[in-house]
Amino acid sequence: MEGSEEDHPWQSYNTVYTTAKAGMEGVDKDKVQRVVYEMSKGSKYFQNEERKEAFIKHKIDNMRLQFANLTQADLSHYQKVADRRILELEASRDLSRIWLHVDMDAFYAAVETLSNPTLKGKPMAVGSMSMISTANYEARKFGVRSAMPGFIARKLCPELIFVPVDFNKYNHYSDLTRKVFQRYDPNFIAGSLDEAYLDITEVCRERNVKSEEIAQEIRASVYEETGLTCSAGVAPNRLLAKVCSDINKPNGQYVLPNDRLAVMTFISSLPIRKIGGIGKVTEQILKEVFGINTCEQMLDKSSYLCALFSQSTADFFYSVGLGLGKTDSPQVRFRKSISNERTFSVTEDEVLLHKKLAELAEMLSTDMQKEGLQGRTLTLKLKTASFEVRNRAVTLQNYINSSEDILKHASKLLKAELPVSVRLMGLRVSQFNGEKFGATPDPRQKTITNFITSGGANRKNSSFSDVADHDFVSDTETDVSIDGRHTDQLDGRDPFDGNHSLDVNYQSCTLWKNDGAEKVQTSDNDDPSSTHSGFTEVLGSTSFQGQFEGKNVNNEFNLLEDDKLNSSCQESIMLWLDDYKCSLCGTELPPSFVEERLEHSDFHFAEKLQKEESSIHPASTPIQRIRSTESIDKANPRSKSCRIRRAGIRPLISFLLESNQSLKLL
DNA sequence: GCGGATCAC
DNA sequence: TATGGTGATCCGC
């Protein structure tokens with residue numbers, strides 16, 4: 001870093017605003033950084049950022065210590081383990097698919113310019129003084145970008161024009177683009193309103209044209225239908241395609257051929273921050289602890305990564321270094337939670353807070369009823385005047401979705417926190433009732449598979465494209481699952497947590513009321529099923545395994561004492577032989593049947609639980625067994641349908657396979 | 001099951 | 001004056 005912190009205090013204020021976005025190459029980063037710092041300095045928001053930053057620094061120090069304490073013997077051991085793992089991952093590489101990622105250029109801003117052409121050529125941002133959603137390219141030249149508060153943007157660019165968001169418009173144009181995508185891949189994955197993944201393997205083969213031409217064609221069609229430009233990336237997997245679509249933005253494209261050497265060359269100099277799932281914090285940790293800046297260095301430092309991170313985290317990093325990513329086309333995804341939250345001017349007025357809570361409950365209930373959802377876990381989110389975020393949850397015995405029920409329980413959660421000075425409140429409901437199992441990402445992609453899994457007619461009219469700015473997406477979701485996993489493990493791996501002065505400071509900021517919290521936690525929750533956490537792990541492991549093509553990927557990964565680790569891993573892993581057959585019973589399920597595979601895992605897990613229980617309590621009566629199964633059902637809605645279907649799973653599978661084939665032929 | 005945290009759009 | 005909203009996920013408790 002140039003200059004001391006005393007001379008240039010703004011340089012130590014780590015924001016996302018200076019990381020290179022398309023159209024911001026020529027920006028004077030130091031100036032932007034300085035303005036952002038000057039506008040923020042001293043604010044509550046800024047103080048909270050400082051607190052978080054100090055916390056990360058602390059974690060980094062601990063990791064450095066671990067790093068420094070590794071002996072030569074340690075390192076040679078970890079190198080062996082890492083090398084083997086990298087070989088296994090390499091063996092899973094799939095170069096048979098051609099993926100295309102489309103990304104609309106400055107989407108909201110472009111749409112607004114279409115409906116008001118006088119904006120053309122002028123710096124403009126969609127959003128408010130508080131927050132900017134999208135900035136056009138003229139504005140980006142000034143360092144204005146999404147996620148930046150408007151008042152700072154105006155400082156950077158005084159003539160900046162602000163346009164309020166209008167999701168009806170964006171939804172309309174998004175639908176137009178999707179009609180184009182559908183022609184090239186009926187199972188395309190909508191990443192959000194403005195991006196999508198298309199598997200163009202078949203189109204290229206059938207028409208015998210290069211992927212480059214398909215990309216040109218799609219972009220031309222999108223322009224023709226909407227008047228909007230987009231960029232495209234073509235690559236052997238989704239992770240790389242996404243990186244590629246950013247390279248020649250705006251209104252450009254980049255093709256990475258399905259060739260291992262080309263991929264490795266491409267990845268070698270690529271900054272890790274370009275990879276989806278590696279954000280500000282992960283970048284900082286990898287840089288400051290390991291000196292890792294490029295994807296290639298993930299492999300160079302593999303032994304250190306192996307030593308300091310968990311298996312799944314290290315796996316993710318290696319796969320980045322190898323340029324691996326998902327190549328399957330998941331057919332269905334289910335919503336797992338529904339929420340709303342609002343920011344308002346700070347208040348500690350209990351009556352006012354209760355009124356706002358009632359409004360949230362009302363809105364949430366409406367949303368849930370629209371989608372036919374009922375849930376049994378309710379979470380209250382508070383952001384205090386000092387920007388500290390608190391979540392407080394209850395899990396009920398029955399499923400709720402009426403505003404009265406929601407408000408009743410939310411009020412209890414809130415009461416336990418009072419008095420408190422709040423700037424945001426939110427409500428979330430999760431743990432849905434399995435029979436009303438929510439919606440698909442895009443109703444137009446409906447297949448026989450999700451017809452069955454969602455109960456067909458029982459599925460409510462959830463047209464997700466009407467849900468405004470948050471399309472419900474399979475890919476976003478799965479990408480997130482990757483980073484959720486590794487970033488969280490960065491936290492979890494700090495063995496010195498809770499023992500340092502910094503943590504004491506951290507905690508002193510919070511106003512934690514033990515008595516209230518305890519009361520709330522026990523009030524409606526008299527059936528804490530300890531089996532559920534194990535259950536979640538099963539699902540997590542299997543779905544994460546899907547990240548890496550999974551061709552006979554060996555999951556025994558011996559970090560320290562092999563036996564200990566294996567015993568905890570073994571039972572949570574479902575191996576799909578040749579990525580097709582269940583290793584336990586031979587049932588055949590191709591990788592695209594994501595949900596079916598999860599259910600299948602559930603089945604084996606439930607089976608295992610029952611076996612364990614009968615071996616632990618040999619005298620247990622049938623009634624006890626039934627009860628144990630029920631507790632699983634309550635904990636996870638999937639297991640019920642799993643149990644219903646186990647009798648006839650094979651006929652069902654073959655039906656699904658046939659249906660899917662014929663659908664693809666259409 | 002809960003709470004904190006990261007990440008994406 | 002002023003730093004969003006929705007959703008997903010994981011780990012350590």
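All chains are named by letter (A, B, ...) in the order of the sequence lines, taking the proteins before the strands, and each is independently numbered beginning at 1.
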Of B/dG1, B/dC7, B/dC9, the nucleotide closest to the side chain of A/S192 is B/dC9
Over all strands shown, is A/I152 touching base, sugar-phosphate only, or nothing at heavy-atom distances under 4.0 angstrom? base
Is the phosphate of C/dT6, meaning OP1 or OP2, less than 4.0 Å from a side-chain N or O of A/S337? no
In whole angstroms, the gap separating P of C/dA2 from CZ of A/F162 amounts to 16 Å
Checking B/dT6, B/dC9, B/dG1 against the side chain of A/E195 (C-beta onward), the nearest is B/dC9
TODO: Kindly say whether the aromatic ring centers of A/Y173 and A/Y108 come within a distance under 6.0 Å.
DONE: no
Note: A/A385 and A/V346 closest approach over all heavy atoms is CB-CG1, 3.8 Å
Is the Lys NZ or Arg CZ of A/R140 less than 6.0 Å from the centre of A/Y137's six-membered ring, within 45° of the axis?
yes
_It should be established whether A/T379 places a side-chain nitrogen or oxygen under 4.0 Å from OP1 or OP2 of nucleotide B/dC2._
no
Within less than 4.0 Å of OP1 or OP2 of B/dG1, is there a side-chain N or O belonging to A/T395?
no
- Query: Think A/K336 has a side-chain N or O under 4.0 angstrom from the OP1 or OP2 of C/dT9?
  - Reply: yes
Taken to the nearest whole Å, CZ/A/F107 to C1'/B/dC9 is 12 Å
Q) OP1 or OP2 of B/dG4 less than 4.0 angstrom from a side-chain nitrogen or oxygen of A/R390, does that happen here? A) no
Out of C/dA2, B/dC9, B/dG4, minimum distance to the side chain of A/D194 belongs to B/dC9
Cation-pi check for A/Y197 against A/K242: NZ or CZ below 6.0 Å from the six-membered ring centre and within 45 degrees of the axis, yes or no?
no
Among B/dG3, C/dG5, C/dA2, the one nearest any side-chain atom of A/F151 is C/dA2
Among B/dG1, C/dT6, C/dA2, the one nearest any side-chain atom of A/R376 is B/dG1
For A/L239 and A/G325, the nearest pair of non-hydrogen atoms, with its separation, is CB-CA, 4.1 Å
Whichever of A/T377 and A/R428 has the more 5' nearest nucleotide on DNA chain B, that residue is A/T377
Separation of B/dC7 atom P from A/I278 atom CD1, nearest Å, is 9 Å
To the nearest angstrom, the CZ-C1' distance between A/R342 and C/dG5 comes to 7 Å
Closest to the side chain of A/K383, out of C/dG4, B/dT6, B/dC9, is C/dG4
Of the candidates C/dG4, B/dC7, B/dG4, the side chain of A/R392 sits closest to B/dG4
Rounded to whole Å, the CZ-C1' distance (A/R154 to C/dT1) equals 10 Å
Worksheet entry | Heavy-atom donor-acceptor pair, A/K249 side chain to A/M104 backbone, under 3.5 Å | yes
Ranking C/dG7, C/dA2, B/dC7 by distance to the side chain of A/M129, first place goes to C/dA2
Regarding the side chain of A/N340, the nearest nucleotide among B/dC9, B/dT6, C/dT6 is C/dT6
In whole angstroms, the gap separating C1' of B/dC7 from NZ of A/K52 amounts to 12 Å
- Regarding A/E112 and A/Y170, is there a side-chain donor-to-acceptor distance under 3.5 Å anywhere? yes
Rounded to whole Å, the CG-P distance (A/N391 to C/dC11) equals 18 Å
### Query
Does a side-chain N or O from A/S345 land closer than 4.0 Å to OP1 or OP2 of C/dT1, or not?
no
Margin query: Heavy atoms only, 4.0 Å cut-off, all strands: where does A/K280 land among base, sugar-phosphate and nothing?
Written below: sugar-phosphate
In whole angstroms, the gap separating P of C/dT9 from CZ of A/R335 amounts to 13 Å
The nucleotide from B/dG1, B/dT6, C/dT6 with an atom nearest the side chain of A/Q431 is B/dG1
